[in-house]
Amino acid sequence: MGRLLALTLAYLAYLLATAICSERRQHHVQHGLCSYTFILPELEHCHPLKDLQVSNTLQSDSPPEAEPDTSQAREKHNQRPSWQETKLENLESAMENNTQWLQKLENFIQENVRSGMEEIKRTAVHTQTAAMLEMGTNLLSQSAEQTRKLTDVETQVLNQTSRLEIQLLEYSLFTNQLEKHILLQTQEISRLSDKNSFLEERLLALEARYGKELHGLQSEKQQLQELLEKQSKLVSQLQGELGSSTLNSTTLQRQQAVLTDTVQQLLAMVNHCNGAVQKEKSLSFRDCSEILRAGFKESGVYSIRLANSTQIVKVFCDMRTRGGGWTLLQHRRNGSVDFQRGWRDYKTGFGEPAGEHWLGNDIIHKLTNSQEYSLHIQLKDGAGNEAFSHYDRFYIDGEDRNYSLHAEGFSGTAGRTSSLSVTGSQFSTKDRDNDRCTCKCAQLASGGWWFDACGPSNLNGMYYPASSSVVRYNGIKWYYWKGPNLQASLTAMMVRPTDF
(Lines give C-alpha, C1' and ligand atoms only; values in the text may rest on other atoms or scores of the structure.)
Protein backbone atom coordinates (compact mmCIF):
# COMPACT_ATOMS: atom_id res chain seq x y z
CA MET A 1 0.00 0.00 0.00
CA GLY A 2 2.85 2.40 0.89
CA ARG A 3 4.65 1.64 -2.33
CA LEU A 4 1.54 2.37 -4.36
CA LEU A 5 1.08 5.75 -2.57
CA ALA A 6 4.74 6.65 -3.10
CA LEU A 7 4.49 5.85 -6.78
CA THR A 8 1.36 7.98 -7.06
CA LEU A 9 3.01 10.96 -5.34
CA ALA A 10 6.08 10.64 -7.55
CA TYR A 11 3.87 10.58 -10.62
CA LEU A 12 1.99 13.73 -9.52
CA ALA A 13 5.24 15.50 -8.76
CA TYR A 14 6.46 14.58 -12.17
CA LEU A 15 3.35 16.01 -13.80
CA LEU A 16 3.66 19.21 -11.76
CA ALA A 17 7.30 19.67 -12.71
CA THR A 18 6.45 19.10 -16.34
CA ALA A 19 3.74 21.73 -16.15
CA ILE A 20 6.06 24.35 -14.71
CA CYS A 21 9.15 23.69 -16.68
CA SER A 22 10.73 20.58 -17.88
CA GLU A 23 14.20 22.06 -17.77
CA ARG A 24 14.13 23.49 -14.28
CA ARG A 25 16.23 22.18 -11.47
CA GLN A 26 14.64 19.68 -9.12
CA HIS A 27 15.03 18.96 -5.41
CA HIS A 28 14.35 15.43 -4.13
CA VAL A 29 13.42 14.64 -0.55
CA GLN A 30 13.21 11.01 0.73
CA HIS A 31 10.90 10.54 3.67
CA GLY A 32 10.79 6.91 4.71
CA LEU A 33 9.38 4.93 1.82
CA CYS A 34 8.02 8.13 0.22
CA SER A 35 9.98 10.35 -2.19
CA TYR A 36 9.11 14.05 -2.80
CA THR A 37 10.42 16.08 -5.75
CA PHE A 38 10.34 19.91 -5.80
CA ILE A 39 11.01 22.23 -8.76
CA LEU A 40 13.51 24.96 -7.73
CA PRO A 41 13.09 28.51 -9.05
CA GLU A 42 15.47 29.84 -11.72
CA LEU A 43 17.83 32.48 -10.44
CA GLU A 44 19.74 33.19 -13.65
CA HIS A 45 17.37 35.81 -14.98
CA CYS A 46 16.24 37.03 -11.63
CA HIS A 47 17.69 39.60 -9.33
CA PRO A 48 17.70 38.09 -5.92
CA LEU A 49 16.93 40.10 -2.94
CA LYS A 50 19.54 40.75 -0.47
CA ASP A 51 17.59 39.28 2.34
CA LEU A 52 16.58 36.17 0.35
CA GLN A 53 17.84 32.97 1.87
CA VAL A 54 17.70 29.59 0.22
CA SER A 55 16.96 26.75 2.51
CA ASN A 56 16.85 23.03 1.83
CA THR A 57 14.43 22.41 4.63
CA LEU A 58 10.97 21.14 3.91
CA GLN A 59 8.60 24.01 3.40
CA SER A 60 5.55 23.89 5.61
CA ASP A 61 2.05 24.75 4.53
CA SER A 62 1.48 26.74 7.75
CA PRO A 63 2.00 30.50 7.83
CA PRO A 64 5.46 31.77 8.81
CA GLU A 65 6.24 32.52 12.36
CA ALA A 66 5.90 36.07 13.53
CA GLU A 67 9.09 37.98 13.51
CA PRO A 68 10.13 39.63 16.68
CA ASP A 69 10.69 42.86 14.93
CA THR A 70 7.17 44.09 14.24
CA SER A 71 8.34 47.29 12.63
CA GLN A 72 10.29 45.50 9.97
CA ALA A 73 7.39 43.21 9.29
CA ARG A 74 5.08 46.09 8.89
CA GLU A 75 7.48 47.66 6.45
CA LYS A 76 7.66 44.51 4.48
CA HIS A 77 3.91 44.20 4.46
CA ASN A 78 3.57 47.63 3.18
CA GLN A 79 6.08 46.95 0.52
CA ARG A 80 4.94 45.44 -2.76
CA PRO A 81 5.65 41.68 -3.00
CA SER A 82 8.25 40.60 -5.49
CA TRP A 83 7.61 38.00 -8.25
CA GLN A 84 9.49 35.28 -6.29
CA GLU A 85 7.14 35.71 -3.39
CA THR A 86 4.16 35.66 -5.68
CA LYS A 87 5.46 32.57 -7.34
CA LEU A 88 6.15 30.99 -3.99
CA GLU A 89 2.64 31.74 -2.83
CA ASN A 90 1.26 30.26 -6.00
CA LEU A 91 3.41 27.21 -5.44
CA GLU A 92 2.20 26.98 -1.86
CA SER A 93 -1.41 27.23 -3.01
CA ALA A 94 -0.81 24.66 -5.69
CA MET A 95 1.01 22.53 -3.16
CA GLU A 96 -1.93 22.80 -0.76
CA ASN A 97 -4.35 21.97 -3.54
CA ASN A 98 -2.18 19.10 -4.62
CA THR A 99 -1.97 17.93 -1.02
CA GLN A 100 -5.73 17.94 -0.74
CA TRP A 101 -5.99 16.26 -4.08
CA LEU A 102 -3.43 13.70 -2.99
CA GLN A 103 -5.42 13.03 0.17
CA LYS A 104 -8.53 12.52 -1.90
CA LEU A 105 -6.53 10.44 -4.31
CA GLU A 106 -5.11 8.48 -1.40
CA ASN A 107 -8.58 7.92 -0.05
CA PHE A 108 -9.80 6.94 -3.49
CA ILE A 109 -6.79 4.66 -4.00
CA GLN A 110 -7.34 3.16 -0.57
CA GLU A 111 -10.99 2.50 -1.39
CA ASN A 112 -10.06 1.15 -4.82
CA VAL A 113 -7.19 -0.83 -3.38
CA ARG A 114 -9.54 -2.20 -0.69
CA SER A 115 -12.16 -3.12 -3.26
CA GLY A 116 -9.40 -4.40 -5.54
CA MET A 117 -8.00 -6.46 -2.72
CA GLU A 118 -11.44 -7.75 -1.96
CA GLU A 119 -11.92 -8.43 -5.64
CA ILE A 120 -8.49 -10.10 -5.76
CA LYS A 121 -9.40 -12.09 -2.69
CA ARG A 122 -12.71 -13.03 -4.25
CA THR A 123 -10.95 -13.82 -7.49
CA ALA A 124 -8.37 -15.84 -5.58
CA VAL A 125 -11.14 -17.54 -3.66
CA HIS A 126 -13.01 -18.16 -6.90
CA THR A 127 -9.80 -19.37 -8.49
CA GLN A 128 -9.05 -21.61 -5.54
CA THR A 129 -12.68 -22.70 -5.48
CA ALA A 130 -12.54 -23.45 -9.19
CA ALA A 131 -9.28 -25.30 -8.67
CA MET A 132 -10.77 -27.14 -5.74
CA LEU A 133 -13.89 -27.87 -7.79
CA GLU A 134 -11.74 -29.09 -10.65
CA MET A 135 -9.71 -31.18 -8.25
CA GLY A 136 -12.94 -32.41 -6.69
CA THR A 137 -14.33 -33.17 -10.13
CA ASN A 138 -11.17 -35.07 -11.00
CA LEU A 139 -11.33 -36.87 -7.68
CA LEU A 140 -15.00 -37.63 -8.26
CA SER A 141 -14.17 -38.88 -11.77
CA GLN A 142 -11.36 -41.01 -10.38
CA SER A 143 -13.63 -42.19 -7.58
CA ALA A 144 -16.35 -43.00 -10.09
CA GLU A 145 -13.83 -44.86 -12.24
CA GLN A 146 -12.48 -46.70 -9.20
CA THR A 147 -16.05 -47.40 -8.10
CA ARG A 148 -16.87 -48.76 -11.56
CA LYS A 149 -13.75 -50.91 -11.51
CA LEU A 150 -14.57 -52.08 -7.97
CA THR A 151 -18.12 -52.81 -9.13
CA ASP A 152 -16.77 -54.84 -12.06
CA VAL A 153 -14.38 -56.67 -9.76
CA GLU A 154 -17.19 -57.23 -7.26
CA THR A 155 -19.42 -58.53 -10.07
CA GLN A 156 -16.66 -60.86 -11.24
CA VAL A 157 -16.07 -62.02 -7.65
CA LEU A 158 -19.80 -62.60 -7.22
CA ASN A 159 -19.92 -64.52 -10.51
CA GLN A 160 -16.93 -66.60 -9.52
CA THR A 161 -18.41 -67.13 -6.06
CA SER A 162 -21.74 -68.19 -7.58
CA ARG A 163 -19.95 -70.49 -10.00
CA LEU A 164 -17.89 -71.98 -7.17
CA GLU A 165 -21.02 -72.40 -5.05
CA ILE A 166 -22.75 -74.18 -7.94
CA GLN A 167 -19.72 -76.42 -8.47
CA LEU A 168 -19.53 -77.05 -4.72
CA LEU A 169 -23.22 -77.97 -4.71
CA GLU A 170 -22.71 -80.30 -7.67
CA TYR A 171 -19.71 -81.88 -5.96
CA SER A 172 -21.77 -82.21 -2.78
CA LEU A 173 -24.59 -83.92 -4.66
CA PHE A 174 -22.11 -86.16 -6.47
CA THR A 175 -20.45 -86.95 -3.13
CA ASN A 176 -23.81 -87.81 -1.61
CA GLN A 177 -24.57 -90.09 -4.54
CA LEU A 178 -21.16 -91.72 -4.19
CA GLU A 179 -21.72 -92.15 -0.46
CA LYS A 180 -25.10 -93.77 -1.10
CA HIS A 181 -23.55 -95.96 -3.79
CA ILE A 182 -20.67 -96.90 -1.48
CA LEU A 183 -23.17 -97.66 1.30
CA LEU A 184 -25.15 -99.90 -1.06
CA GLN A 185 -21.95 -101.58 -2.22
CA THR A 186 -20.87 -102.04 1.40
CA GLN A 187 -24.22 -103.60 2.25
CA GLU A 188 -23.98 -105.77 -0.85
CA ILE A 189 -20.44 -106.83 0.06
CA SER A 190 -21.56 -107.59 3.61
CA ARG A 191 -24.47 -109.67 2.30
CA LEU A 192 -22.20 -111.46 -0.15
CA SER A 193 -19.69 -112.07 2.62
CA ASP A 194 -22.41 -113.59 4.78
CA LYS A 195 -23.59 -115.68 1.85
CA ASN A 196 -20.01 -116.70 1.11
CA SER A 197 -19.51 -117.74 4.73
CA PHE A 198 -22.72 -119.77 4.58
CA LEU A 199 -21.66 -121.37 1.31
CA GLU A 200 -18.22 -122.14 2.70
CA GLU A 201 -19.77 -123.82 5.71
CA ARG A 202 -22.13 -125.75 3.46
CA LEU A 203 -19.25 -126.68 1.16
CA LEU A 204 -17.21 -127.93 4.09
CA ALA A 205 -20.18 -129.98 5.25
CA LEU A 206 -20.69 -131.39 1.75
CA GLU A 207 -17.00 -132.14 1.45
CA ALA A 208 -17.06 -133.94 4.78
CA ARG A 209 -20.21 -135.83 3.78
CA TYR A 210 -19.20 -136.75 0.26
CA GLY A 211 -15.62 -137.29 1.32
CA LYS A 212 -16.73 -140.21 3.46
CA GLU A 213 -18.87 -141.58 0.61
CA LEU A 214 -16.02 -141.11 -1.84
CA HIS A 215 -13.65 -142.84 0.54
CA GLY A 216 -16.11 -145.76 0.82
CA LEU A 217 -16.52 -145.94 -2.94
CA GLN A 218 -12.77 -145.82 -3.42
CA SER A 219 -12.37 -148.67 -0.91
CA GLU A 220 -15.07 -150.64 -2.71
CA LYS A 221 -13.40 -149.96 -6.01
CA GLN A 222 -10.07 -151.11 -4.59
CA GLN A 223 -11.65 -154.31 -3.40
CA LEU A 224 -13.30 -154.87 -6.77
CA GLN A 225 -10.01 -154.20 -8.54
CA GLU A 226 -8.27 -156.71 -6.28
CA LEU A 227 -11.06 -159.21 -6.95
CA LEU A 228 -10.76 -158.52 -10.67
CA GLU A 229 -7.03 -159.11 -10.52
CA LYS A 230 -7.61 -162.40 -8.71
CA GLN A 231 -10.23 -163.42 -11.23
CA SER A 232 -7.96 -162.40 -14.08
CA LYS A 233 -5.19 -164.49 -12.63
CA LEU A 234 -7.64 -167.33 -12.20
CA VAL A 235 -8.82 -166.96 -15.79
CA SER A 236 -5.24 -166.94 -17.00
CA GLN A 237 -4.51 -170.02 -14.93
CA LEU A 238 -7.61 -171.72 -16.26
CA GLN A 239 -6.77 -170.75 -19.82
CA GLY A 240 -3.33 -172.20 -19.30
CA GLU A 241 -4.79 -175.34 -17.93
CA LEU A 242 -7.26 -175.36 -20.87
CA GLY A 243 -4.40 -175.06 -23.34
CA SER A 244 -2.37 -177.80 -21.71
CA SER A 245 -5.29 -180.14 -21.22
CA THR A 246 -7.15 -181.70 -24.10
CA LEU A 247 -8.59 -184.67 -22.33
CA ASN A 248 -11.65 -183.23 -20.57
CA SER A 249 -12.66 -180.52 -23.09
CA THR A 250 -16.34 -180.57 -22.25
CA THR A 251 -15.69 -179.92 -18.57
CA LEU A 252 -13.18 -177.25 -19.36
CA GLN A 253 -15.57 -175.54 -21.76
CA ARG A 254 -18.25 -175.49 -19.08
CA GLN A 255 -15.73 -174.11 -16.59
CA GLN A 256 -14.65 -171.51 -19.14
CA ALA A 257 -18.25 -170.47 -19.72
CA VAL A 258 -18.79 -170.16 -15.99
CA LEU A 259 -15.59 -168.15 -15.61
CA THR A 260 -16.54 -165.97 -18.57
CA ASP A 261 -19.91 -165.21 -16.98
CA THR A 262 -18.18 -164.42 -13.71
CA VAL A 263 -15.71 -162.11 -15.46
CA GLN A 264 -18.55 -160.31 -17.28
CA GLN A 265 -20.40 -159.86 -14.00
CA LEU A 266 -17.26 -158.46 -12.39
CA LEU A 267 -16.67 -156.11 -15.34
CA ALA A 268 -20.27 -154.92 -15.14
CA MET A 269 -19.83 -154.27 -11.41
CA VAL A 270 -16.62 -152.30 -12.06
CA ASN A 271 -18.29 -150.23 -14.78
CA HIS A 272 -21.22 -149.55 -12.46
CA CYS A 273 -18.84 -148.39 -9.71
CA ASN A 274 -16.96 -146.14 -12.13
CA GLY A 275 -20.25 -144.63 -13.28
CA ALA A 276 -21.22 -143.92 -9.64
CA VAL A 277 -18.07 -141.90 -8.94
CA GLN A 278 -18.07 -140.34 -12.45
CA LYS A 279 -14.62 -141.54 -13.39
CA GLU A 280 -13.15 -141.47 -16.82
CA LYS A 281 -15.37 -143.18 -19.33
CA SER A 282 -13.03 -143.22 -22.33
CA LEU A 283 -10.01 -141.42 -23.65
CA SER A 284 -11.01 -141.68 -27.27
CA PHE A 285 -13.92 -139.17 -27.32
CA ARG A 286 -13.32 -135.84 -29.06
CA ASP A 287 -16.38 -134.08 -27.60
CA CYS A 288 -19.62 -134.70 -25.72
CA SER A 289 -21.55 -135.62 -28.87
CA GLU A 290 -19.37 -138.73 -29.31
CA ILE A 291 -19.86 -139.58 -25.63
CA LEU A 292 -23.64 -139.30 -26.13
CA ARG A 293 -23.46 -141.53 -29.19
CA ALA A 294 -21.48 -144.05 -27.12
CA GLY A 295 -24.54 -144.47 -24.90
CA PHE A 296 -23.77 -142.19 -21.96
CA LYS A 297 -26.92 -140.11 -21.50
CA GLU A 298 -26.34 -138.57 -18.07
CA SER A 299 -25.14 -134.97 -17.87
CA GLY A 300 -21.86 -134.67 -15.97
CA VAL A 301 -18.09 -134.35 -16.14
CA TYR A 302 -16.31 -136.44 -18.79
CA SER A 303 -12.84 -136.60 -20.28
CA ILE A 304 -12.19 -135.88 -23.92
CA ARG A 305 -9.06 -135.90 -26.04
CA LEU A 306 -8.63 -132.98 -28.41
CA ALA A 307 -8.23 -133.80 -32.09
CA ASN A 308 -4.66 -134.19 -33.33
CA SER A 309 -3.45 -133.95 -29.73
CA THR A 310 -2.70 -136.10 -26.73
CA GLN A 311 -4.11 -133.50 -24.34
CA ILE A 312 -6.87 -134.86 -22.08
CA VAL A 313 -9.44 -132.30 -20.94
CA LYS A 314 -12.24 -132.64 -18.41
CA VAL A 315 -15.46 -131.05 -19.65
CA PHE A 316 -19.07 -130.87 -18.56
CA CYS A 317 -21.49 -132.51 -21.00
CA ASP A 318 -25.09 -131.35 -21.25
CA MET A 319 -27.07 -134.42 -22.39
CA ARG A 320 -30.56 -132.85 -22.10
CA THR A 321 -30.72 -129.43 -23.82
CA ARG A 322 -32.13 -129.68 -27.35
CA GLY A 323 -31.09 -133.30 -27.86
CA GLY A 324 -27.92 -133.21 -25.70
CA GLY A 325 -24.33 -133.76 -26.74
CA TRP A 326 -23.28 -130.19 -25.82
CA THR A 327 -19.74 -129.42 -24.62
CA LEU A 328 -19.83 -126.49 -22.16
CA LEU A 329 -17.38 -123.64 -22.75
CA GLN A 330 -18.66 -121.35 -19.99
CA HIS A 331 -21.06 -121.78 -17.08
CA ARG A 332 -22.22 -119.35 -14.37
CA ARG A 333 -24.97 -119.95 -11.84
CA ASN A 334 -24.19 -118.47 -8.39
CA GLY A 335 -21.18 -116.11 -8.58
CA SER A 336 -18.91 -118.48 -6.62
CA VAL A 337 -16.01 -118.10 -9.12
CA ASP A 338 -14.27 -114.78 -9.76
CA PHE A 339 -14.24 -113.95 -13.48
CA GLN A 340 -12.15 -110.78 -12.95
CA ARG A 341 -9.00 -112.40 -14.27
CA GLY A 342 -6.11 -111.72 -16.60
CA TRP A 343 -5.10 -112.97 -20.02
CA ARG A 344 -3.25 -116.06 -18.78
CA ASP A 345 -6.22 -117.40 -16.79
CA TYR A 346 -8.61 -116.94 -19.71
CA LYS A 347 -6.07 -118.62 -21.96
CA THR A 348 -5.73 -121.82 -19.89
CA GLY A 349 -9.17 -121.79 -18.24
CA PHE A 350 -10.29 -121.67 -14.60
CA GLY A 351 -12.98 -123.03 -12.30
CA GLU A 352 -14.35 -126.58 -12.06
CA PRO A 353 -16.27 -128.22 -14.96
CA ALA A 354 -19.05 -129.30 -12.58
CA GLY A 355 -19.53 -125.69 -11.37
CA GLU A 356 -18.76 -122.21 -12.63
CA HIS A 357 -15.86 -122.23 -15.07
CA TRP A 358 -14.28 -120.97 -18.29
CA LEU A 359 -12.94 -123.84 -20.43
CA GLY A 360 -9.95 -121.84 -21.76
CA ASN A 361 -9.35 -120.00 -25.02
CA ASP A 362 -6.64 -122.42 -26.19
CA ILE A 363 -8.96 -125.43 -25.70
CA ILE A 364 -11.91 -123.59 -27.34
CA HIS A 365 -9.69 -122.74 -30.32
CA LYS A 366 -8.46 -126.33 -30.77
CA LEU A 367 -11.94 -127.78 -30.26
CA THR A 368 -13.85 -125.46 -32.62
CA ASN A 369 -11.21 -125.66 -35.35
CA SER A 370 -11.18 -129.50 -35.46
CA GLN A 371 -14.55 -129.50 -37.26
CA GLU A 372 -17.57 -127.27 -37.77
CA TYR A 373 -19.42 -126.44 -34.55
CA SER A 374 -22.60 -124.55 -33.68
CA LEU A 375 -22.86 -122.35 -30.57
CA HIS A 376 -25.80 -122.38 -28.16
CA ILE A 377 -26.09 -119.75 -25.40
CA GLN A 378 -28.60 -120.44 -22.62
CA LEU A 379 -29.73 -117.54 -20.38
CA LYS A 380 -31.93 -117.22 -17.32
CA ASP A 381 -32.77 -114.03 -15.39
CA GLY A 382 -33.54 -113.54 -11.71
CA ALA A 383 -37.29 -113.91 -12.28
CA GLY A 384 -36.85 -117.36 -13.83
CA ASN A 385 -37.37 -116.26 -17.45
CA GLU A 386 -35.28 -118.29 -19.90
CA ALA A 387 -34.06 -117.49 -23.41
CA PHE A 388 -31.40 -118.67 -25.81
CA SER A 389 -29.30 -117.49 -28.74
CA HIS A 390 -28.18 -120.04 -31.35
CA TYR A 391 -25.43 -119.62 -33.96
CA ASP A 392 -25.10 -122.14 -36.80
CA ARG A 393 -21.35 -121.67 -37.21
CA PHE A 394 -18.86 -120.77 -34.48
CA TYR A 395 -15.10 -120.86 -33.98
CA ILE A 396 -12.25 -118.63 -32.67
CA ASP A 397 -8.71 -118.00 -33.92
CA GLY A 398 -5.52 -118.76 -32.03
CA GLU A 399 -3.60 -116.57 -29.61
CA ASP A 400 -1.57 -115.05 -32.45
CA ARG A 401 -4.82 -113.36 -33.58
CA ASN A 402 -6.00 -112.65 -30.02
CA TYR A 403 -8.66 -115.38 -30.23
CA SER A 404 -10.76 -113.44 -32.78
CA LEU A 405 -14.46 -114.35 -32.79
CA HIS A 406 -16.34 -115.90 -35.76
CA ALA A 407 -20.10 -116.49 -35.42
CA GLU A 408 -22.91 -116.50 -37.99
CA GLY A 409 -26.46 -117.76 -38.53
CA PHE A 410 -28.21 -116.21 -35.50
CA SER A 411 -31.58 -117.45 -34.23
CA GLY A 412 -33.29 -117.72 -30.87
CA THR A 413 -35.48 -115.97 -28.30
CA ALA A 414 -32.90 -113.73 -26.56
CA GLY A 415 -33.61 -110.63 -28.62
CA ARG A 416 -34.63 -109.94 -32.19
CA THR A 417 -31.00 -109.46 -33.17
CA SER A 418 -27.70 -110.88 -32.02
CA SER A 419 -26.07 -109.41 -28.91
CA LEU A 420 -22.79 -111.20 -29.59
CA SER A 421 -20.00 -109.00 -30.89
CA VAL A 422 -19.42 -108.79 -34.62
CA THR A 423 -17.22 -111.28 -36.45
CA GLY A 424 -13.54 -110.38 -36.13
CA SER A 425 -13.78 -108.92 -32.62
CA GLN A 426 -10.68 -109.74 -30.57
CA PHE A 427 -10.63 -111.03 -27.00
CA SER A 428 -9.64 -108.54 -24.27
CA THR A 429 -8.85 -108.72 -20.56
CA LYS A 430 -7.99 -106.15 -17.92
CA ASP A 431 -4.25 -106.62 -18.58
CA ARG A 432 -4.45 -106.94 -22.39
CA ASP A 433 -6.64 -104.45 -24.24
CA ASN A 434 -7.52 -105.49 -27.81
CA ASP A 435 -10.86 -103.70 -28.26
CA ARG A 436 -11.53 -100.81 -30.64
CA CYS A 437 -12.22 -98.26 -27.91
CA THR A 438 -9.72 -95.98 -26.13
CA CYS A 439 -11.63 -96.44 -22.87
CA LYS A 440 -10.37 -100.01 -22.15
CA CYS A 441 -13.67 -101.89 -22.03
CA ALA A 442 -12.29 -104.81 -20.01
CA GLN A 443 -11.57 -102.46 -17.10
CA LEU A 444 -14.87 -100.60 -17.37
CA ALA A 445 -17.18 -103.55 -18.06
CA SER A 446 -15.03 -106.09 -16.13
CA GLY A 447 -14.17 -109.67 -17.06
CA GLY A 448 -12.68 -111.01 -20.31
CA TRP A 449 -14.77 -110.94 -23.50
CA TRP A 450 -14.96 -110.05 -27.20
CA PHE A 451 -15.78 -106.40 -26.46
CA ASP A 452 -15.20 -104.87 -29.91
CA ALA A 453 -16.09 -101.26 -28.90
CA CYS A 454 -17.71 -102.14 -25.53
CA GLY A 455 -20.47 -103.88 -27.49
CA PRO A 456 -23.88 -105.20 -26.43
CA SER A 457 -22.78 -108.34 -24.59
CA ASN A 458 -20.54 -109.54 -21.77
CA LEU A 459 -21.36 -112.91 -20.15
CA ASN A 460 -18.20 -112.74 -18.01
CA GLY A 461 -19.09 -109.52 -16.16
CA MET A 462 -19.67 -109.15 -12.43
CA TYR A 463 -22.29 -111.55 -11.05
CA TYR A 464 -24.91 -109.54 -9.13
CA PRO A 465 -27.79 -111.20 -7.33
CA ALA A 466 -31.28 -110.87 -8.78
CA SER A 467 -32.50 -109.08 -5.62
CA SER A 468 -30.38 -106.00 -6.39
CA SER A 469 -32.33 -103.20 -8.09
CA VAL A 470 -29.33 -100.96 -8.81
CA VAL A 471 -28.39 -100.68 -12.50
CA ARG A 472 -24.76 -101.69 -12.92
CA TYR A 473 -23.00 -101.48 -16.26
CA ASN A 474 -20.17 -103.85 -15.33
CA GLY A 475 -22.46 -106.85 -14.75
CA ILE A 476 -23.53 -109.70 -17.03
CA LYS A 477 -25.00 -108.15 -20.18
CA TRP A 478 -27.04 -109.44 -23.14
CA TYR A 479 -28.36 -106.10 -24.37
CA TYR A 480 -30.99 -107.06 -26.94
CA TRP A 481 -32.79 -109.27 -24.42
CA LYS A 482 -32.68 -107.39 -21.09
CA GLY A 483 -30.83 -104.14 -21.80
CA PRO A 484 -27.54 -103.10 -20.16
CA ASN A 485 -28.17 -104.88 -16.84
CA LEU A 486 -29.23 -108.52 -17.19
CA GLN A 487 -28.96 -109.63 -13.55
CA ALA A 488 -28.73 -113.19 -14.78
CA SER A 489 -29.03 -116.17 -12.49
CA LEU A 490 -27.63 -118.61 -15.09
CA THR A 491 -25.54 -118.42 -18.26
CA ALA A 492 -24.09 -121.27 -20.31
CA MET A 493 -22.10 -121.33 -23.55
CA MET A 494 -21.95 -124.74 -25.28
CA VAL A 495 -20.92 -126.14 -28.65
CA ARG A 496 -21.91 -129.20 -30.68
CA PRO A 497 -20.93 -130.38 -34.18
CA THR A 498 -23.19 -128.92 -36.87
CA ASP A 499 -23.76 -132.40 -38.33
CA PHE A 500 -25.07 -133.87 -35.08
Side-chain angles (χ1 to χ4, degrees), residues 285-288 303-316 326-332 337-353 356-377 389 391-409 418-462 474 476-477 491-498:
F285 302 128
R286 292 185 300 175
D287 55 34
C288 292
S303 295
I304 64 172
R305 183 173 60 190
L306 300 177
N308 302 322
S309 173
T310 59
Q311 183 180 0
I312 305 300
V313 180
K314 289 184 178 297
V315 297
F316 188 90
W326 296 100
T327 304
L328 263 69
L329 308 181
Q330 183 255 28
H331 189 205
R332 305 190 72 180
V337 175
D338 182 17
F339 276 67
Q340 297 295 106
R341 297 173 181 261
W343 183 267
R344 183 178 181 83
D345 288 339
Y346 274 97
K347 173 184 177 180
T348 59
F350 53 85
E352 293 297 330
E356 293 195 336
H357 71 282
W358 178 259
L359 187 58
N361 288 336
D362 276 348
I363 298 174
I364 297 173
H365 163 64
K366 293 177 182 178
L367 179 64
T368 58
N369 282 269
S370 63
Q371 57 180 320
E372 290 188 357
Y373 279 87
S374 60
L375 172 67
H376 185 79
I377 297 176
S389 292
Y391 298 87
D392 296 334
R393 180 77 173 91
F394 168 78
Y395 70 96
I396 65 172
D397 293 330
E399 186 178 15
D400 56 341
R401 294 187 179 180
N402 296 320
Y403 304 114
S404 297
L405 174 69
H406 300 273
E408 58 187 22
S418 172
S419 294
L420 195 62
S421 300
V422 297
T423 296
S425 299
Q426 297 181 359
F427 198 85
S428 294
T429 60
K430 62 183 180 180
D431 58 349
R432 190 159 176 176
D433 184 28
N434 296 314
D435 54 55
R436 293 188 296 175
C437 179
T438 58
C439 58
K440 295 185 178 181
C441 301
Q443 295 183 5
L444 293 177
S446 74
W449 192 251
W450 297 278
F451 288 106
D452 189 43
C454 300
S457 64
N458 178 16
L459 297 184
N460 293 334
M462 295 290 293
N474 63 343
I476 298 174
K477 180 171 62 172
T491 67
M493 297 176 62
M494 55 191 79
V495 294
R496 187 175 68 182
T498 57

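Excluded from the calculations below are hydrogen atoms, water molecules and symmetry mates; all remaining heavy atoms, backbone and side chain alike, are included.
- The shortest side-chain heavy-atom distance between L420 and L405 falls under the 4.5 Å cut-off.
- Formation of a donor-acceptor pair under 3.5 Å by the S374 side chain with backbone atoms of R393 is not found in this model.
- Relative ring orientation between W450 and F394 is described as perpendicular, the plane-to-plane angle rising above 60° on a 0-90° scale split at 30° and 60°.
- Contact of the E356 side chain with the H331 side chain is not registered, since no non-hydrogen atoms from C-beta on lie closer than 4.5 Å.
- In terms of modelled atom types and a separation under 3.5 Å, the side chain of R305 and the main chain of V313 share no donor-acceptor contact.
- Judged by distance alone, with hydrogens and angles left aside, the side-chain atoms of K477 form a donor-acceptor pair with the main-chain N or O of G455 at under 3.5 Å.
- C454-C437 SG separation is not under 2.5 Å; the pair is not scored as a disulfide.
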Pair H406-D397, side-chain contact (heavy atoms from CB on, under 4.5 Å): steps then yes or no: CA-CA 8 Å; H406 300 273; D397 293 330; 3.0 Å; yes

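- Between the side chains of Q330 and T491, at least one donor N or O lies within less than 3.5 Å of an accepting N or O.
- Between I377 and L459 there is a side-chain heavy-atom pair separated by less than 4.5 Å.
- Summarising the local packing, CG of N308 is surrounded by 12 or fewer heavy atoms from other residues, nucleotides or ligands at distances under 6.0 Å.
- The shortest side-chain heavy-atom distance between Y403 and D362 falls under the 4.5 Å cut-off.
- Nearest heavy-atom pair, V315 versus P353, reported as atom, atom and distance to 0.1 Å: C-CB, 4.1 Å.
- Taking the six-membered ring for Trp, F350 and F339 have ring centres closer than 6.0 Å.
- I476 places none of its side-chain heavy atoms less than 4.5 Å from the side chain of M462.
- Side-chain atoms of S446 never come within 3.5 Å of backbone atoms of A442 as a donor-acceptor pair (strictly under, hydrogens ignored).
- Here the shortest heavy-atom pairing between K314 and S303 reads NZ-OG, 3.6 Å.
- In plain terms, the two heavy atoms of N460 and W358 that are nearest each other are ND2-CZ3, 3.5 Å.
- Considering every non-hydrogen atom in both L359 and I363, the closest pair reads O-CD1, 3.4 Å.
- Here F316 and W326 keep their ring centres 6.0 angstrom or further from each other.
- The environment of CD in Q371 is crowded: more than 12 heavy-atom neighbours from other residues, nucleotides or ligands sit within 6.0 Å.
- The backbone N or O of V422 lies less than 3.5 Å from a partner atom in the side chain of S425, making a donor-acceptor pair.
- V495 has its side chain within reach of L329: a pair of non-hydrogen atoms, C-beta onward, lies under 4.5 Å apart.
- Minimum heavy-atom separation, F451 to A445: CE2-CB, 3.8 Å.
- With contacts defined as side-chain heavy-atom distances shorter than 4.5 Å, the pair H376/M494 qualifies.
- No donor-acceptor contact under 3.5 angstrom links the side chains of Y373 and T327, judged on distance only.
- Taking each heavy atom of C441 and A453 in turn, the nearest pair found is SG-C, 3.9 Å.
- The structure places CG of L375 at 7.5 Å from OH of Y391, a figure rounded to the nearest 0.5 Å.
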Evaluation steps, side-chain contact (heavy atoms from CB on, under 4.5 Å), between L328 and H357: CA-CA 9 Å; L328 263 69; H357 71 282; 4.3 Å; yes

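- For the residue pair H365 and N369, a side-chain donor N or O sits within less than 3.5 Å of a side-chain acceptor on the partner.
- Between K440 and D433 no salt bridge is recorded (no basic side-chain N to carboxylate O distance below 4.0 Å).
- A ring-centre distance under 6.0 Å is found for Y346 and F427.
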CA sep, side-chain torsions, deciding dist, call: S457, W449, side-chain hydrogen bond (donor to acceptor under 3.5 Å, both in side chains): CA-CA 8 Å; S457 64; W449 192 251; 3.1 Å; yes

